[in-house]
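Inspection log for the structure reproduced underneath, given as structure tokens.
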Amino acid sequence: MNENRVIVAMSGGVDSSVAAALLVQQGYEIIGVTMKTWGFMEVGGAPKHESGCCSLDAVFDAKSVASKLNSPHYTFDFTESFENEVINNFVDEYLHGRTPNPCVICNRKIKWDELIKKADSLEAKYIATGHYANVVYDEKINRYKLKTGKDTKKDQSYALWGLTQNSLSRTIFPLANYTKEEVRQLATDFELKTAKKPDSQEICFVADNNYERFLREKSPDLIEKITGGDLIYKGKKVGSHKGIPFYTIGQRKGLGMAFGKPAYVTNIDYEGNKIFVGDKEELLKYELEADDINYVSTNSFFIGEKVFAKIRYMDIPAGAEITAVDNNRLSLKFENPKLSITPGQSLVIYDKDGFVLAGGIISKSK
RNA sequence: UGCCGGGUCGUCUAAUGGCAGGACAACGCCCUUUGGAGGCGUCUGCAGAGGUUCGAAUCCUCUCCCGGCAG
């Protein structure tokens with residue numbers, strides 16, 4: 001195992017390009033890797049060639065950057081495991097009326113698990129990505145801790161809660177102490193061709209950002225079965241919904257109905273095939289339950305422990321208290337009510353210093 | 001066809017003789033490596049025809065619809 005060798009996940013964007021350049025500057029021997037995660041031609045929806053990660057142009061850009069850094073670059077095909085782990089989960093969750101976080105699954109199962117296997121075969125000790133996050137080893141508790149990056153505005157620690165201790169022990173986040181602005185400047189300084197590429201944003205395998213279309217194409221039969229149930233407003237049926245998967249808690253757009261004031265999806269009843277709509281106030285909840293808990297910067301919680309929690313990607317950590325802990329499941333209660341606590345979304349628990357204590361999947365709100 | 005109401009953006013609703021306005025919806029842009037939220041912006045209407053008036057959504061006639069009551 002070569003301690004100086006790093007596998008860098010290069011998406012072809014600015015961030016991972018700069019991450020690679022910084023590692024080279026620091027004296028590491030890097031091997032650039034672009035992960036092919038889905039068939040470019042099969043996803044439909046007119047992929048945007050200039051931006052989306054994993055597009056053909058992206059592979060080309062990643063190669064150019066690696067070449068500029070005098071480093072080797074490989075493209076590995078992870079299409080099969082991506083389909084099995086990420087896309088199947090994505091479709092299945094929506095079909096059950098939940099709202100998945102594909103990036104979370106992808107990071108854990110594909111970006112890390114699969115990439116570490118590659119690192120093993122290439123005899124590299126480390127893997128690196130362009131995420132805005134930080135990892136530090138704490139010898140007192142013998143754990144690798146995951147922490148918010150310097151750029152709190154761009155921080156991506158939320159999507160990384162699923163990483164295991166083993167994964168973290170082999171991870172380098174070269175952008176941990178940089179802001180997006182600084183990264184763009186570095187890209188220019190390093191003369192990387194990706195310096196001015198726009199940030200990517202949509203789910204990589206739903207290039208047109210239309211997940212409804214994606215689900216319909218992916219699973220037409222199943223969707224057929226759960227379509228056309230009741231749309232209920234204040235206890236009364238006001239229409240038919242277009243299918244359980246096409247709604248999520250807190251959704252306002254697309255209801256196609258006017259009630260004189262904004263109306264939101266307040267509940268999804270998968271068993272009864274019903275969508276409930278109501279006022280914004282009905283979305284405010286104090287408590288939630290989450291399972292599939294992964295402990296990161298700590299190995300336990302105690303009842304009554306004060307923490308900070310995020311219930312969605314772009315959320316501000318809010319004060320909360322742990323109310324129940326049971327194996328890989330826990331409950332917590334917020335000091336102030338949260339809007340739209342959504343089953344399927346990730347709960348990420350932080351401490352006051354920005355360390356990711358643990359994460360999990362929200363199963364219900366109370 | 002003998003009796004009363006009532007027809008205004010897609011929906012709900014203001015303007016009672018003086019520039020048809022709002023809310024919601026829809027659409028667009030911004031934000032965002034998840035979905036949703038949020039911000040900014042845009043569009044669309046006086047049921048039809050005539051009349052009175054300097055001027056009509058508003059007053060008058062007829063026509064067409066929609067509710068009731070009378071059966």
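No hydrogens, no waters, no symmetry mates; every other heavy atom, side chains included, goes into these values. Naming convention: chains lettered A, B, ... in sequence-line order (proteins, then strands); numbering from 1 in each chain.
Atom pair A:I311:CD1 and B:G36:P shows a separation of 15 Å (rounding to whole Å applied). Between the P atom of B:U34 and the OH atom of A:Y313 lies a distance of 6 Å, rounded to the nearest Å. When rounded to the nearest whole Å, the span between OH of A:Y211 and P of B:G35 equals 9 Å. Between the CG atom of A:L347 and the P atom of B:U34 there is a distance of 18 Å, rounded to whole Å. Atom CD1 of A:I361 and atom C1' of B:G35 are 13 Å apart (whole Å). When rounded to the nearest whole Å, the span between CZ of A:R312 and P of B:G38 equals 11 Å. Taking atom CZ on A:F246 and atom P on B:G36, their separation rounds to 13 Å, with Å as the unit. Nucleotide B:G36 holds its P atom 16 Å from the NZ atom of A:K280, rounded to whole Å.
Taking A:K366 as the reference, A:E289 meet the salt bridge (charged side-chain N to carboxylate O under 4.0 Å, His left out) condition, with sequence neighbours excluded. Residues satisfying the side chain to side chain donor-acceptor pair (under 3.5 Å) criterion with A:Y74, sequence neighbours excluded, are absent altogether. A search for side chain to side chain donor-acceptor pair (under 3.5 Å) contacts involving A:K338 returns A:D315, not counting sequence neighbours. Residues satisfying the side chain to side chain donor-acceptor pair (under 3.5 Å) test with A:S157, not counting sequence neighbours, are A:D155, A:Y350. Considering only residues two or more places apart in sequence or on other chains, A:E335 meets the salt bridge (charged side-chain N to carboxylate O under 4.0 Å, His left out) condition with none of them. When the side chain to side chain donor-acceptor pair (under 3.5 Å) test is applied to A:E287, no partner is found at least two apart in sequence or on another chain.
Residue A:Y247 is classed as having no contact, given no heavy-atom separation below 4.0 Å to the nucleic acid. Residue contacts shown for A:S340 are absent, as no nucleic acid heavy atom lies under 4.0 Å away.
Atom name P, nucleotides B:A23 and B:A14: the rounded distance is 15 Å, in whole Å. Going from the C1' atom of B:C46 to that of B:C9 covers 10 Å, rounded to whole Å. Nucleotides B:A20 and B:A47 have their P atoms positioned 15 Å apart, rounded to a whole Å. Using atom C1' as the reference point in both B:G22 and B:C3, the two lie 37 Å apart (nearest Å). Here, B:C30 and B:G36 have their P atoms 16 Å apart, quoted to the whole Å. To the nearest whole angstrom, the two P atoms, one in B:G2 and one in B:U61, are 16 Å apart.
Within residues 169-178 of chain A, no residue places a heavy atom under 4.0 Å from RNA chain B. If you check residues 152-162 of chain A against RNA chain B, the residues with a heavy atom closer than 4.0 Å are A:K154, A:Q156, listed by number. Within residues 264-271 of chain A, the residues having any heavy atom closer than 4.0 Å to RNA chain B are, in order of number, A:Y264.
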All N/O contacts under 3.5 Å from nucleotides 25-28 of chain B to the protein, with atom names and distances to one decimal?
unit_1 : atom_1 : unit_2 : atom_2 : d
B:A25  : OP1    : A:R252 : NE     : 3.0
B:A25  : OP2    : A:R252 : NH2    : 3.0
B:A26  : OP1    : A:G254 : N      : 2.6
B:A26  : OP1    : A:L255 : N      : 3.4
B:A26  : OP1    : A:G256 : N      : 3.4

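Heavy-atom contacts from other residues, nucleotides or ligands closer than 6.0 Å to NZ of A:K193 number more than 12. Few gaps surround CD1 on A:I141; more than 12 heavy atoms of other groups in view lie less than 6.0 Å from it. Within a 6.0 Å sphere centred on CD of A:Q26, heavy atoms belonging to other residues, nucleotides or ligands number more than 12. Residue-environment remark: CD (A:E181) stays at or below the threshold of 12 foreign heavy atoms within 6.0 Å.
One hydrophobic cluster, built from ILVMFWY side chains closer than 4.5 Å, cannot hold both A:L115 and A:Y28; they sit in different ones.
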Quiz: residues 231-240 of chain A side-chain donor-acceptor pairs under 3.5 angstrom, not counting sequence neighbours:
unit_1 : atom_1 : unit_2 : atom_2 : d
A:K234 : NZ     : A:D279 : OD2    : 2.9
A:K237 : NZ     : A:D230 : OD1    : 3.1

Bracket notation of RNA chain B in which parentheses pair within the strand, [ ] cross earlier pairs, and | pairs with another strand (Watson-Crick or G-U, under 3.5 Å): ..(((((..((((....[..)))).(((((.......)))))....(((((..]....))))))))))...
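Comparing A:G260 and A:I249 by the nucleotide of RNA chain B whose heavy atom lies nearest to each, the residue mapping closer to the 5' end is A:G260.
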